[in-house]
A.B. asks: 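Just dropping this structure here.
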Protein chains: 4
Amino acid sequence: MNEIEIHVRFGECDPAGIAFYPNFFAWYDHGLWTLFETIGLDRETAAARYGILGWPLVAAESRFLSPTKEGDRLTLRTEIVRWGRSSFDVQHRLRRGDTPIAEGLEKRVWAAAKPGGGLLPLPIPEEIRARLSPVPAG
Amino acid sequence: MNEIEIHVRFGECDPAGIAFYPNFFAWYDHGLWTLFETIGLDRETAAARYGILGWPLVAAESRFLSPTKEGDRLTLRTEIVRWGRSSFDVQHRLRRGDTPIAEGLEKRVWAAAKPGGGLLPLPIPEEIRARLSPVPAG
Amino acid sequence: MNEIEIHVRFGECDPAGIAFYPNFFAWYDHGLWTLFETIGLDRETAAARYGILGWPLVAAESRFLSPTKEGDRLTLRTEIVRWGRSSFDVQHRLRRGDTPIAEGLEKRVWAAAKPGGGLLPLPIPEEIRARLSPVPAG
Amino acid sequence: MNEIEIHVRFGECDPAGIAFYPNFFAWYDHGLWTLFETIGLDRETAAARYGILGWPLVAAESRFLSPTKEGDRLTLRTEIVRWGRSSFDVQHRLRRGDTPIAEGLEKRVWAAAKPGGGLLPLPIPEEIRARLSPVPAG
C-alpha cells in the first residue's frame with residue numbers, strides 16, 4: 001500500500017473545467033510505479049533482474065465519483081489486491097480530503113517482450129509478492 | 001455509429017515501446033466527440049442549445065487485447081449502445097486491420113454545472129437520441 | 001520565484017526511454033500556476049476579480065540540456081523575469097540535484113476573451129506585479 | 001516537406017477553452033515522424049540500420065499566432081530547413097484554412113544512447129539528407 005499526492009495541473013483539465021478523465025488512469029499508473037519504487041523496483045531493475053519489459057495492462061476500469069480541477073491536492077492510495085501466477089490486480093482510491101474522487105482497478109500482467117512481437121507473461125517472482133503483500137498479524 | 005482513424009503518435013507510446021494505456025481513453029473520448037460532430041453537436045451548441053457543460057464520465061473501462069505502437073493506423077468504431085433518461089453508454093472498438101486492439105465502454109451523463117459546484121444531470125433531448133439511434137428496418 | 005518538485009512519470013517518457021519533450025512545457029505551465037497559487041491567484045479569482053480567462057502564450061522556447069527519465073525527482077524553479085503592460089516573461093530552470101536538465105522561457109499575455117473570438121490583452125494589475133516582483137534591498 | 005491534418009481533440013484543450021500549448025509541440029513531433037515515415041524511416045529501422053535511438057531535442061520554440069480549439073481541423077506543414085553534421089532543424093507551420101495558427105522550430109540531433117547514460121551524436125547518413133532535401137531545379 002502506498003499513498004502519493006496528486007497536485008492537479010491546469011493542463012490536465014478540459015474545457016468543462018474539470019480534470020480530463022484519461023488523466024485519472026495516468027495518475028493510477030504513476031501510483032503503481034511509485035509503489036514499486038518503495039521496494040527498489042524500477043524499469044532498469046525489472047529488465048536486468050527479471051527480464052521483463054514491465055507490467056502491461058490487460059484491463060482497466062474506473063468509477064468517477066466527484067469532479068476535481070486544477071490546483072486540487074488529491075491523495076492517491078494504491079494497493080495490490082490480487083496476485084495470480086503472472087497477473088495481478090491493482091486498486092486505486094483517489095480522494096480530496098475526505099471526499100472520494102474516484103476508484104480504479106487495473107489488471108496487469110508481468111511480461112517480457114515475445115520474440116516477433118507481442119507479450120510473453122512470466123511468473124511473478126516470489127520475492128516481489130512477499131515484499132508487497134500485507135504481513136499477517138500475529 | 002462512427003469510425004475514425006487513429007494514427008498512433010510516438011509521444012503516445014511509453015518506454016516499453018507500446019501505446020501508454022490512458023491514451024486509449026483519450027482516443028475513445030475523441031471518438032465520441034467526432035460522433036457528435038456528425039450531427040452538428042459541439043461544445044458551443046451543447047451549451048447554447050441545451051444548457052449543458054458536456055457529458056462527463058460516471059465510469060469507464062477497457063480491455064486491451066493486443067499492443068499497438070507509434071505509426072500504427074488504427075480504426076476506432078464508436079457507438080452509443082444504451083440510452084437512459086440522462087445517462088448513456090458508449091462502446092468503442094479499436095482494431096488494426098482485422099486485429100482487435102482494444103474494447104472500451106464509457107458510462108456518461110448529460111449534465112449541466114450545478115450552482116455551487118458539482119454536476120446536475122439533465123434529461124437527454126429526444127432529438128439527440130433519435131439522430132444517433134439505429135433506424136429500425138422496415 | 002517558486003520551486004516545485006517534478007516526479008517524472010513513466011507515462012511522460014517515450015520509447016527512447018526519456019521524457020517526451022512537450023511534457024517539459026507542461027511542467028513549466030504547472031510551475032507558473034503554482035507560482036500564482038502562492039499569491040492566491042487561481043482561475044476563478046482571475047475570472048471574478050480581473051475578468052480574464054488566463055495568461056495564454058505568445059511564444060515559448062526551451063533548451064534541453066540533459067535527458068531525464070521516469071522516477072527522477074527534478075526541481076523546477078519558476079520566476080517572472082519581465083513585466084510589460086499586458087505581457088510578461090516567465091523563466092523556468094529544471095535541474096536534477098546539481099545537474100541542469102532544461103531551461104525555458106514563456107512569453108505570455110494577460111488576456112480576456114474577445115467577444116466574437118480571439119484574445120483581448122488587458123493591463124496587468126499593479127498588485128499582481130508588486131506581489132511577484134523582487135523586493136529591492138535597503 | 002510533408003503535410004498532415006490535425007483534428008484537435010477536446011482533451012487537448014484546457015479550461016480556457018483553447019488548445020493547451022504543450023500539445024502544439026506534440027503535434028510538431030508527430031509531424032516529423034510522419035515526414036520520416038514517407039521515406040520508410042521508423043524507430044525500428046532507425047535502430048537496426050543506423051544504430052540510433054532517435055533524434056532527441058536540443059532546443060524547441062514556437063510562436064502562437066491564433067488560438068485553436070477542439071474540432072478544428074488544422075494543417076501542419078513540416079520541413080527540414082537545415083542539415084548539420086549530426087544536427088538538423090525542423091520547421092513547423094500550423095494553419096486553419098488560410099489562418100496561421102502557430103510556427104515552430106525544433107533543433108534535433110541524430111543520436112545513439114551513450115554507454116553509461118546520455119546521448120551520443122552520430123553523423124547523419126547521406127542517404128537521409130538526400131532523400132529529404134529539396135531537389136535543385138535544372
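FYI, side chains are in, hydrogens and waters are out, and symmetry mates aren't considered; it's all heavy atoms of this structure. Letters go in sequence order (proteins before strands), and every chain restarts at 1.
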A.B. asks: D/F20 versus chain C, heavy atoms under 4.5 Å apart: side chain, backbone, both or neither?
C.D. replies: side chain
A.B. asks: Check the angle between the aromatic planes of D/Y21 and C/F25 and answer parallel, tilted or perpendicular using the 30° and 60° thresholds.
C.D. replies: perpendicular
A.B. asks: Quick check on D/R63 against chain C: is it the side chain, the backbone, both or neither that has a heavy atom closer than 4.5 Å?
C.D. replies: both
A.B. asks: Of all the heavy-atom pairs spanning D/A60 and C/F64, show the shortest one and how long it is.
C.D. replies: N-CE1, 3.8 Å
A.B. asks: Measure distances from D/E103 to the heavy atoms of chain C and classify the residue's part below 4.5 Å as side chain, backbone, both or neither.
C.D. replies: neither
A.B. asks: So which of D/A16, D/A26, D/P67 has the largest heavy-atom pair count under 4.5 angstrom toward chain C?
C.D. replies: D/A26
A.B. asks: Report, as yes or no, whether the 6.0 Å neighbourhood of atom CD on C/E44 holds more than 12 heavy atoms from other residues, nucleotides or ligands.
C.D. replies: no
